[in-house]
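Inspection log for the structure reproduced underneath, given as structure tokens.
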Amino acid sequence: MPEALWSAVRAATGVMSVNLYGPTEYTVDALAADLAASATPVVGRPIGNTRAYLLDGALRPVPAGSTGELYLAGHGIARGYLGRFALTAERFVADPYGAPGSRMYRTGDLARLRADGEIEYLGRADDQVKIRGFRIEPGEVESALAAVDGVGAAAVVVREDTPG
């Protein structure tokens, strides 16, 4: 959430505002933040039965304040993607910090743990974008275009012609 929007919502009187974060792969909500409790945008803290890890490329925890990729684990994790075995194996990985056989979901989001215990969203670890709520992988679009007869190479650029 942009800081200006965060500030505007925080300034509203008589309104309880909560920021909920969670990908569909984790049954929607995994983290929550009370907007009144933080002056700057955060995605919050794990909700019940959820574990959030900020890990480096070797799945080791990063120090507080450092950037890491956000992984989610717990009761809300999905089983994977129907019929997409390679993508399931890439995104749903063994949880080295959980019970034997448990898994965690690799969100692709970069974040850091603040000193106050809140998790702050910093951006994406990949090129994925959302357009009207749909997740788009520019690399997949490029591959599909390049596979068309007569196309030698393809490049995809996401741009906003009209704000909103």
Side-chain angles (χ1 to χ4, degrees), residues 1-82 84 87-99 102-140 158-160 163-164:
M1 173 184 298
E3 279 195 51
L5 176 58
W6 185 274
S7 297
V9 172
R10 286 189 75 235
T13 57
V15 176
M16 180 183 167
S17 300
V18 178
N19 186 28
L20 296 171
Y21 165 95
T24 300
E25 293 85 350
Y26 198 83
T27 46
V28 186
D29 297 327
L31 308 176
D34 176 358
L35 274 68
S38 179
T40 58
V42 293
V43 289
R45 300 169 190 261
I47 63 171
N49 297 316
T50 300
R51 293 183 311 281
Y53 305 115
L54 295 170
L55 306 176
D56 65 15
L59 301 181
R60 295 177 304 222
V62 298
S66 297
T67 301
E69 186 169 353
L70 178 59
Y71 287 75
L72 299 172
H75 291 122
I77 193 168
R79 299 184 82 166
Y81 300 109
L82 182 63
R84 302 205 55 197
L87 186 58
T88 294
E90 176 187 324
R91 291 290 184 174
F92 294 86
V93 297
D95 180 356
Y97 308 103
S102 63
R103 298 170 307 124
M104 57 186 180
Y105 173 66
R106 178 181 178 212
T107 68
D109 289 335
L110 298 175
R112 70 174 156 225
L113 181 63
R114 297 185 342 179
D116 62 4
E118 298 282 347
I119 295 173
E120 182 178 7
Y121 174 82
L122 300 174
R124 293 288 303 167
D126 55 22
D127 294 327
Q128 183 186 90
V129 294
K130 276 194 176 181
I131 300 174
R132 295 188 183 99
F134 292 94
R135 286 187 256 179
I136 308 294
E137 296 279 355
E140 289 182 10
V158 179
R159 69 178 208 202
E160 184 176 33

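Heads up: numbering here begins at 1 and tracks the sequence. Quick caveat, the model's predicted, so the values are computed rather than measured.
Atom CG of Asn49 sits about 13.5 Å away from atom CD1 of Ile77, to the nearest 0.5 Å. Atoms OG1 and CG, on Thr67 and Leu110 in that order, are 6.5 Å from each other to the nearest 0.5 Å. Rounding to the nearest 0.5 angstrom, the gap separating the CG atom in Asp109 from the CZ atom in Arg124 is 4.5 Å. Atom OG1 of residue Thr27 and atom CG of residue Leu72 lie 9.5 Å apart, to the nearest 0.5 angstrom.
With Asn19 contributing its side chain and Val42 its backbone, the two residues share a donor-acceptor pair below 3.5 Å. Here the side chain of Arg91 pairs a donor or acceptor atom with the backbone of Arg106 at under 3.5 angstrom. Between the side chain of Tyr21 and the main chain of Ala30, no donor-acceptor pair closer than 3.5 Å is present. Looking at Arg103, its side chain does come within 3.5 Å of a backbone N or O of Ala78 through a donor-acceptor pair.
With sequence neighbours left out, Leu59 forms a side-chain contact (heavy atoms from CB on, under 4.5 Å) with Leu55, Tyr71, Met104.
Contact detail for Ala111 and Leu122: the closest heavy-atom pair is C-CD1, 3.8 Å. Of all heavy-atom pairs spanning Gly44 and Leu31, the tightest one is C-CB, 4.4 Å. Contact record, Arg114 with Ser38: NH2-OG, 3.0 Å, taken as the closest heavy-atom pair. Smallest separation of non-hydrogen atoms from Arg79 and Thr88: O-CG2, 4.0 Å. Between Tyr97 and Arg60, the shortest heavy-atom contact is OH-CA, 3.6 Å. For the pair Thr50 and Pro46, the tightest heavy-atom approach, listed with the atom from each and the gap, is O-CB, 3.4 Å.
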For this session: Check step by step if side-chain contact (heavy atoms from CB on, under 4.5 Å) holds for Ile47 and Asp29.
Result: CA-CA 8 Å; Ile47 63 171; Asp29 297 327; 4.3 Å; yes
For this session: Verify side-chain contact (heavy atoms from CB on, under 4.5 Å) between Tyr53 and Asp95, making sure each step is shown before the conclusion.
Result: CA-CA 10 Å; Tyr53 305 115; Asp95 180 356; 3.2 Å; yes
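Ring geometry for Tyr81 against Phe92 counts as perpendicular: the plane angle is over 60°, on a 0 to 90° scale with 30° as the lower cut.
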